[in-house]
Amino acid sequence: MSERFAKLDPPQRVLMGPGPSDVSVRVLQAMAAPTVGHLDPAYLAIMDETRQMMRDVFRTKNELTLAVSGTGSAGMEACVANLIEPGDEMIVCVNGVFGGRMRDVAQRYGATVHSVEADWGTTIDPAQVANALQEHPDTKLLGIVHAETSTGAHQPLEEISRLVHDAGALLLVDAVTSLGGMDVRVDDWQIDAIYSGTQKCLSCPPGLSPVSFSPAAVAAMDARKTQVTSWYLDMSMLRNYWGSDRVYHHTAPINMTYALREALAIVLEEGLDQRIERHQRNHLALRAGLEAMGLVWVPEHTLTTLNAVRVPEGVDDARVRSRLLGEYGIEIGAGLGPFKGKAWRIGLMGHASSKRNVMLLLAALESILADENANLARGEAAVAASRAYANA
Ligand SMILES: *Cc1c(COP(=O)(O)O)cnc(C)c1O
């Protein structure tokens with residue numbers, strides 16, 4: 001007897017959390033294109049094209065640029081696994097969940113890790129990095145998060161990059177929540193290794209992690225005395241598949257590559273600068289609206305792609321989020337770690353960074369908070385946001 005199943009029917013949401021973000025129909029349709037073989041010349045051409053598009057979006061000429069099979073965390077692990085040998089010294093900057101995750105990964109690959117820490121919601125001070133580099137002159141790699149999605153903090157990188165290179169070390173950057181939404185300049189900022197994810201500002205479903213390595217990072221990999229501990233993430237083999245040799249390593253996620261190709265095409269057609277400005281404009285309008293309601297921002301130096309605000313006193317965090325989802329189909333994120341129950345994380349990433357979503361969220365949140373008897377200003381948010389758009 002054969003079983004019958006109901007039609008798969010996930011709801012249409014408005015994804016304004018810390019990721020995934022809304023995916024455009026064009027990207028979803030690309031995923032439905034015919035699956036071909038991972039060595040089919042037609043697929044190899046799509047890979048090459050996608051690779052070049054990744055370089056353009058990273059603003060780099062790095063030869064070793066590819067998409068790791070897996071989400072952003074796989075990209076993080078790929079960077080660390082290939083650049084760290086057991087006993088190597090690594091400095092990891094930690095001011096939120098993802099810096100903490102990078103430290104955990106580095107320890108698992110045998111790095112001797114030195115942490116540079118800052119309070120959640122703040123950024124790492126270059127002076128702290130200078131001190132750490134002075135204290136640990138044998139540091140091979142310094143890892144830092146550009147866009148700390150757990151706190152909404154935006155980390156400036158240029159000065160830190162200069163310090164790291166003056167000390168003869170390599171710079172590893174997490175750009176999961178900035179690539180495709182905020183300025184990321186791999187070559188100008190001399191970033192040696194960088195990873196991102198498909199489901200944040202690139203507005204593609206989760207499943208691939210674009211990564212890029214500078215010539216200096218490739219030289220460090222070539223100089224390894226030990227094999228990379230992870231077989232799956234070993235760049236010395238992956239680059240033979242992505243490069244001209246086309247040696248089978250693992251079966252590429254074919255249809256995910258289609259999706260990434262299409263998502264990157266959308267980014268490049270809009271224009272990186274225009275896209276960054278759009279994220280800025282929508283962030284400023286959302287911020288004007290939320291602040292007019294009386295909500296308070298968490299980080300001083302904020303991302304435009306992820307907006308972290310404090311949950312107002314006396315308001316039930318989980319109930320508000322669940323009402324947003326149930327009544328409006330809007331997903332926003334909860335606080336993590338020390339911000340659990342204390343912050344909301346509102347994503348304006350990629351396709352979801354739109355005037356429509358900003359105005360919808362402001363209206364929905366204002367109405368729910370009024371219902372919940374929160375002590376906040378009413379009727380001001382939309383006006384303030386409209387004014388911000390008019391002045392943009
Ligand atoms: C989301 C995120 C990651 C992890 O990506 P996954 O796709 O969830 O594996 C890493 N770093 C930052 C800053 C992120 O926002």
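Order of listing sets the numbers, starting from 1, for every ligand and every atom in it. Index from 1, following the sequence. Just the heavy atoms: all of them, side chains too, but no hydrogens, waters or symmetry mates, feed the values below.
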If you measure from [atom] to every heavy atom of [options], which option wins on shortest distance?
| atom | options | result |
| --- | --- | --- |
| atom 8 (O) of ligand 1 | M349, E148, Q199 | Q199 |
| atom 2 (C) of ligand 1 | E77, M102, K200 | K200 |
| atom 5 (O) of ligand 1 | G99, G197, G347, G72 | G72 |

Could you please spell out the steps behind the ring pair (Phe, Tyr, Trp, His ring centres under 6.0 Å) verdict for H250 and Y232? CA-CA 8 Å; H250 67 270; Y232 198 72; 4.3 Å; yes
Filter on ring-ring contact (aromatic ring centres under 6.0 Å, His included), then keep only pairs touching residues 290-322, sequence neighbours left out; what's left? H154-H301, H283-W297
Pairs in or reaching into residues 164-197: which pass ring-ring contact (aromatic ring centres under 6.0 Å, His included), with residues at least two apart or in two chains? H146-W189
N/O of S73 under 3.5 Å from N/O of ligand 1, yes or no? yes
Polar contacts were defined as any N/O atom of the residue lying under 3.5 Å from an N/O atom of the ligand; does this apply to Y195 and ligand 1? no
Any luck finding a side-chain donor-acceptor pair between T123 and Q155 under 3.5 Å? no
So is K140 actually on top of Y109's ring, under 6.0 Å and inside 45° of the axis? no
Measure the distance from [atom] to every protein heavy atom, then report the residue, atom name and distance (to 0.1 Å) of the closest one.
| atom | value |
| --- | --- |
| atom 15 (O) of ligand 1 | T149 OG1, 2.3 Å |
| atom 3 (C) of ligand 1 | F98 CE2, 3.4 Å |
| atom 11 (N) of ligand 1 | D174 OD2, 2.6 Å |

Atom CZ of R108 with >12 non-hydrogen neighbours under 6.0 angstrom: no
Result of checking V176, L172, T177 against D174 for side-chain contact (heavy atoms from CB on, under 4.5 Å): V176
Is it the side chain (CB and beyond), the backbone, both or neither of A147 that lies under 4.0 Å from ligand 1, heavy atoms counted? backbone
Any idea which atoms of ligand 1 are less than 4.0 Å away from a heavy-atom of R101? 4 (C)
